[in-house]
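Data block below; observations after.
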Amino acid sequence: MKKEHPVWEDHLREQYPEIAKIFSPEAPLPRLYMRCTSIPLSVTQVVAGQMLSKKAADTILDRVEVRAKAENRQPWELEPEVLRELGLSKSKAATITSFGEYYRNNTAEIEAWPSLKYGELKKSICTHKGLGEWTASVLALYHFGFEDVFPDKDGIIRRAMGLVKEKYGLAIDPAKAKPYRSYLEI
């Protein structure tokens, strides 16, 4: 009996038969979903994690969350000086507090982000100092569950595509994966 796969996995198997063997029949690709984390907290997490190891980012975020809770505030409501004391760089602290202020004054606009098309979302996110295309793609993929995002400028993605080409002799054309390009990353 043929095992059923999620529609996005079937689509990728069909588009990339040469690498279909790397998909595990016992562990289908998980569905992307929108996290329950608030958008400003998601932005805080993404900004804090940029250019840091996961362990370092988690340590700093833990400190930030403990301090915010102790002050009965949200992490993005802390002053830049406090965020700096807790381990964030000056630019990351400024980005988080600036975004937090914008969110307080424009909550409905930011809360609409998950309902936007990716191009509109990216444009809106990139209007905020310190938030760029990488931030937009991470939020879209891992916080909002967008199924058709492929940040081909991302260095890790480029290296992964190079490894697939080296190991399997296959040049990945992300356009073939539409409307499920996000699943090429997970």
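Fair warning: this is a prediction, and the values are worked out from it, not measured in the lab.
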Gap between atom OG1 of Thr95 and atom CH2 of Trp76 - 0.5 Å precision: 16.0 Å
4.5 Å side-chain heavy-atom contact, Val43 and Trp113: yes
Donor-acceptor contact below 3.5 Å, side chain Ser124 vs main chain Glu120: no
Leu83 and its side chain to side chain contact (heavy atoms under 4.5 Å, CB included) partner, picked from Ile60, Val47, Ile96: Ile96
Cluster overlap Val66 with Leu88, hydrophobic side-chain contacts below 4.5 Å: no
Separation between CZ of Phe146 and CG of Leu121, rounded to the nearest 0.5 Å: 5.0 Å
Point-to-point distance, once rounded to the nearest 0.5 Å, from OG of Ser38 to NE2 of His143: 10.5 Å
Greater than 12 external heavy atoms within 6.0 Å of Asn72's CG: no
Lys129 atom NZ, over 12 foreign heavy atoms within 6.0 Å: no
Exam field: side chain Arg63 to backbone Leu86, donor-acceptor pair closer than 3.5 Å: yes
Side-chain heavy-atom pair Val7, Tyr180 within 4.5 angstrom cut-off: yes
Side-chain donor/acceptor of Thr37 to backbone N/O of Ser42, under 3.5 Å: no
His11 side chain to Lys178 backbone, donor-acceptor under 3.5 Å: yes
Closest non-hydrogen atom pair between Ala57 and Ala48, with its separation: CB-O, 4.0 Å
Tyr103 side, atom OH; Gln74 side, atom CD - distance, nearest 0.5 Å: 9.0 Å
Rounded distance [0.5 Å steps], CG in Asp148 versus CG in Leu141: 10.0 Å
Test item: Tyr16 and Leu184 side chains (from C-beta on) under 4.5 Å apart, heavy atoms: yes
Euclidean distance, Glu65 CD relative to Asp58 CG, rounded to 0.5 Å: 9.5 Å
Atom CD1 of Ile156 with >12 non-hydrogen neighbours under 6.0 angstrom: no
Carboxylate-amine/guanidinium proximity below 4.0 Å for Arg84 and Glu81: no
Side-chain donor/acceptor of Ser137 to backbone N/O of Trp134, under 3.5 Å: yes
Heavy-atom check, side chain of Glu79 versus side chain of Arg73, under 4.5 Å: yes
Lys122 side chain to Ala136 backbone, donor-acceptor under 3.5 Å: no
His128 vs Ile110 side-chain heavy atoms within contact, under 4.5 Å: yes
Donor-acceptor contact below 3.5 Å, side chain Asp154 vs main chain Ile157: yes
Min side-chain heavy-atom separation Thr44-Leu61 under 4.5 Å: yes
Under 3.5 Å side-chain donor-acceptor pair for Tyr183 and Glu9: no
